[in-house]
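All heavy atoms count here, side chains included; hydrogens, waters and symmetry mates do not. Positions are given from 1, in the same order as the sequence printed here.
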Amino acid sequence: MKSKSAEKVKLNSFDDLFGIDETGETVTSVPLSELHTFKGHPFRVLDDEKMQETVESVKQYGVLMPGIVRPHPEGGYEVIAGHRR
C-alpha cells in the first residue's frame, strides 16, 4: 500500500525560497568564467591550509553560504563577498 503522506509535501522552488525581494536582488548560478575579482577588496585569497579546508567542505557539503556579486562594467560579474567560495 502506497503512503499518501508524501503527496502532502510541497517542495518550493529555489526561486520561491531565495528569489527576488523588495530590493530586486536575485539568486542565480554564474559560471566561474564570468567572475572577476574586486580590485578594491582589502583581503587576499591565499591557496593555503584554510583554502584546502574550504575546498574539502564544499566537496562534502556544497556551498552553504553563496558569494555576492554585482554586474561588472566590462561584462560578467565582480565578486564583492565570498571570495573563498
Side-chain angles (χ1 to χ4, degrees):
M1 185 166 147
K2 190 174 179 180
S3 171
K4 299 275 185 183
S5 62
E7 294 174 8
K8 297 176 186 176
V9 176
K10 180 185 182 296
L11 299 176
N12 294 321
S13 73
F14 194 78
D15 288 336
D16 288 343
L17 294 172
F18 304 105
I20 298 174
D21 65 10
E22 307 83 51
T23 64
E25 296 175 356
T26 60
V27 173
T28 187
S29 295
V30 176
L32 292 176
S33 61
E34 291 189 27
L35 297 177
H36 305 286
T37 59
F38 171 34
K39 294 190 186 338
H41 195 275
F43 303 106
R44 298 291 169 243
V45 176
L46 303 174
D47 191 9
D48 58 5
E49 185 178 332
K50 286 289 189 187
M51 177 58 85
Q52 289 307 311
E53 290 173 11
T54 302
V55 168
E56 293 305 316
S57 173
V58 169
K59 284 180 182 177
Q60 185 174 0
Y61 303 107
V63 177
L64 301 177
M65 181 66 99
I68 299 172
V69 298
R70 63 183 171 201
H72 191 274
E74 297 172 13
Y77 298 88
E78 183 175 50
V79 178
I80 57 173
H83 291 73
R84 284 188 175 261
R85 296 177 203 121

- Separation between CD (Glu78) and CZ (Arg70), nearest 0.5 Å, reads 4.5 Å

- Query: What distance separates Thr54 OG1 from Glu49 CD, expressed to the nearest 0.5 Å?
  - Reply: 10.5 Å

- Query: Are any side-chain N or O atoms of His72 and backbone N or O atoms of Glu34, one a donor and one an acceptor, separated by less than 3.5 Å?
  - Reply: no

- What are the two closest non-hydrogen atoms of Val30 and Leu35, and how far apart are they? CG1-CD2, 3.8 Å

